[in-house]
Amino acid sequence: MRFQLLDADYIQNQKPIIRLFGKTERNEPICCFFEDFIPYFYVEGEEEKVRELLKDSEEVVSIEKEKKIPAIGYTKEPRNVLKIITKKPESVVKTRELLSKKKFVKNIYEADILFKYRFLIDYGLHGMDWVDVECNKIFTKTVKCPAFKIKKIKRIEKDRNSQLKYLSFDIECIPKDFTKSPDPKRDQIILISMSFEPKYKNKKTLVLCKKMIKAGKNVLCFAEEKEMLKKFSEIIDEFDPDIITGYNIEDFDLPYILERFKQNKLAATFGRCTDKPVFSRKVGISYQCNISGRIIVDSYQILKKDPWIKFMHYDLNTVAKELLGEGKIDIKYRDMDKYWNGDEEKIKKFISYAEKDAELALRIVLEKGLINKFVELAKLSGLLLQDTFGGQSIRVETMLMHEFKKRNILMPSKPSNDEVDRRIKEREKEELKGATVLEPVKGLHCKGCIIVLDFASLYPNIIRTFNISPDSLILDKKIEKSIKYITSPTGAKFVDAKIYEGVIPSVLRNMLETRKKIKKMMKKSSGEKKKIFNAMQLALKTMANSFYGYTGFVLARLYVLDIANSITSFGRENLRKTKKMIEEKFQYKVIYADTDSAFVETDITNLDKAKKVGEEISAYVSNNLPGYLELEFEKTFRTFLILTKKRYAGWSFEPTDSGWKDKIEMKGIETIRRDWCKLVTETMNTVLELILKKGDVKSATNYVKDIIEKIKKNEIPLEKLTIVKGITKSLTSYKGTLPHIELAKKLVKRHPENPPKVGDRLGYVIIAGNSMLSKRAEEVEYVKEKKLAIDSNYYISNQLLPPIERILRAVGISKTELLGGGHQVNIKDIMNKTRREVNHNINIESNDIKKLGGWEDFICEKCKKTYNRMPLSGLCTCGGKILISYHGSVSRKCKQ
DNA sequence: TCACATCGGGG
DNA sequence: GTGTACGATGTGA
């Protein structure tokens, strides 16, 4: 029989038995039992004393002598170790603790590896692998799918995945007090919505409702919560999904529903076995859940961690709208009880609301192929699919453990708390040096193309080129004298790859070569195939990139600072050499470089020519660098604006099969931030566009001036000035004064019947006035109704100018250009200067001006045209001198 | 700028 | 369970 390995665990009878959950080629769920595998670990120390200590141990089955290779430090000879074979998985812990206190024990290895993983590693099996088993059918009530006893098992190659069944669910419950979260110990679940793929009993969705009402065909009603929960469990068993998904289920719905099972004295046995209940436990801040034989996929957690897609907010509504073009049904949290206790219409809307949530959660996973990459990560790392959603280090360790097994290398234990503290302290002393970031030639570069080149997979290729690996690191002085090696810029020595290729370089060689092939295949393919290839190459890239960081991670089993530092030092040397080569050979200036990229300024105005030069540089530099280091031509910027290290924007042109593809690219310059109003975002984008696409600093400046005038004239729609912030806790528990909280307090007084609640998001604008800023936050509606003026000063100097100024400063908005003489100043200085000069002349402190409601108009002496601020030329367009109209009356002349 | 605190998602 | 362990963003010094 053949099946794809979905999940694994073990049970204990007389002896431990491994259980493998999988799906056959015909997509049937099965469970296979493997009985002949027992726990063990390794000890390095005085054999006689170890034997003496353990001779009467109940836990230990036997002790065997073996020869093993250490993971850290190159050696030719394996070392003597003792393999301690134990009765049960727990015996390993007990024996380990007993041994670890003894002086005659030098080291303990692999005594902290989960039993299921011990099995998978020893049999060379990865999560989501296809396996071929010789087996007999057995009969057991402990699992709900057909069960077999394995006689023989081996991994097979198969490029298809079995078809998985998905169920997404969502629960609704109403708290006693809307300022608090619902309490799973007290507040019942009132709705459970589900969505299925494929259909369940010809239904795409189903909603369980704890209220006897007349409802549609996709709704089942219950008088009691207990009955509803029972039904939920039954449906899961009947539909029998492989994947259980939902939005933030791991941290909310699952723990909540499990507590409700407990309160109703029901066993939560909706996994694929009857002997292990579904459980969730608090680990640190978040919950961790397990459903035997099924996989929990929480799209919220996946999306939040994904470095490629970023959302403004991570609530289901925003994310679904962004990904699927469809959001939630609009029911506010605080209105839920009104719907639930309302008329039939209201309840029906509430039911659709719940139904929609389950639907959206499922569609996100399916339509966006959310788990594809993780399936590939499982196959690659060896982790079970469920465990690939967590951190990177466990992926690296599991993958290396598989390699170590093949090479007879022992994996060190995880660091103890003391060891972690030591590492942290050590790190504080001699800091881990990072990558090189060249100081950029700041400003706007628009005379010729900026050619961008970069090193693909820099760190993985450095590791390969210089054979950097814990097992190739030379620690022994004697070996050092007798062997050929490479020395890193920090002085660490690695055996020459021809003599011995380290584990990490070797797995990276495989991964990078495979990735190249897959990328080629991806180009030729389409549809679902292409998606899978893409998932594969993404998984390979993710894996390849995680080795460098791993060796410098304080909780790593293979924490080797010499390695982390060698990698970055080679990186710095590489970038230095690259810059030198480009500048000496090609006579172009490298105006910026960061870690693995170089930005080359040229006088070339033709894109194709720039590309040609880029390729020449690429070829030359690559030929003159060792090993696998390859500088590739990536794109050119037609215009390039760099503010500081890591902050730039440019008009990029990337060569594609169908010609040049252009776009405005930004790094480190945020145009979108939650605490900025729309106006700022819009202005930023326009300014950047004007500067980059038109190279027109002047019109960008004018545009900003124009916006400023509009703000002062109250011509900007309030919607664009609205800042949105959420109420996160009860109003009284805020210590400081925050605008949206002050507004919320006002609203409580204004409409006591419908006060803002925890979890609400409030949009506000800042209105003009003398009081503290946060006291002047107001609702848009209210401002319109009362015809209040906005605080234009605030919007100009607190919202608009800070980000705009950072950009305009870099393009050297100078007095020379703007005022006709003097040194370089930035736009804010100009504004301030104008204000200060005004103040000075009219002899009023700026504070006083504020009290009086700000300076007013600037009026032309000749034509009486008014300006909202001092024209930068100091003169009116008609040439007349500017006077200040102050507090309604024209005041003194302004000094030019 | 760095250390410390908070908040998020869900309902 | 041969355990595990948030991470980004905002505030304060």
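Labels below follow one simple rule: chain letters A, B, ... track the order of the sequence lines, proteins then strands, and each chain is numbered from 1.
Comparing C:dG3, B:dG9, C:dT2 by their nearest atom to the side chain of A:Y314 picks out B:dG9. For A:A111, taking side-chain heavy atoms from C-beta onward, the closest of the listed nucleotides B:dG9, C:dT2, C:dG1 is C:dT2. Here B:dG8 is the nucleotide among C:dT4, B:dG8, C:dT2 with the atom lying nearest to any side-chain atom of A:K304. Nearest to the side chain of A:Y300, among B:dG9, B:dG10, C:dT4, sits B:dG9. Counting only heavy atoms from C-beta on, A:D112 has its side chain closest to C:dG3 among C:dT2, C:dG3, B:dG9.
Across the C1' atoms, B:dG9 and C:dT9 are found 15 Å apart, a figure rounded to whole Å. For the C1' atom pair drawn from C:dA5 and C:dG1, the interatomic distance equals 15 Å after rounding to whole Å.
Remark: A:R281, A:V283, A:I285, A:Q288 in residues 275-291 of chain A come within less than 4.0 Å of DNA chain C through at least one heavy atom. Residues of residues 381-394 of chain A having a heavy atom closer than 4.0 Å to DNA chain C: none are found. Within residues 350-360 of chain A, no residue has any heavy atom under 4.0 Å from DNA chain C.
Among the atoms of the strands shown, base atoms are found under 4.0 Å from some heavy atom of A:Y40. A:L555 comes within 4.0 angstrom of nothing in the nucleic acid, heavy atoms only. Residue contacts for A:R96: at a heavy-atom cut-off of 4.0 Å it reaches the sugar-phosphate backbone alone, with no base atom in range.
Seen from the ring of A:Y339, A:K346 counts as a face-on cation partner, given the 6.0 Å and 45° thresholds.
Applying the 3.5 Å distance criterion, the base of B:dG11 shares a donor-acceptor pair with the side chain of A:Y333.
Remark: the A:D7 side chain and the A:Q386 side chain contain no N/O donor-acceptor pair separated by less than 3.5 Å. A side-chain donor from one of A:E355 and A:T205 sits under 3.5 Å from a side-chain acceptor of the other.
Between A:F178 and A:Y333, a ring centre-to-centre spacing shorter than 6.0 Å is recorded. For A:F389 and A:F374, the ring centers are positioned less than 6.0 Å apart.
Between A:F119 and A:F34, the two ring planes are tilted [angle within 30° to 60°]. Under the 30°/60° scheme for interplanar angles, the aromatic rings of A:Y256 and A:F252 are found to be tilted.
Ion pairing of A:D9 with A:K276 is present here, as a side-chain N (NZ or NE/NH1/NH2) and a carboxylate O approach within less than 4.0 Å. Salt bridge absent: A:K321 and A:E326 never bring a charged side-chain N and a carboxylate O closer than 4.0 Å.
In terms of position on DNA chain C, the residue among A:K310 and A:N417 whose nearest nucleotide sits closer to the 5' end is A:N417.
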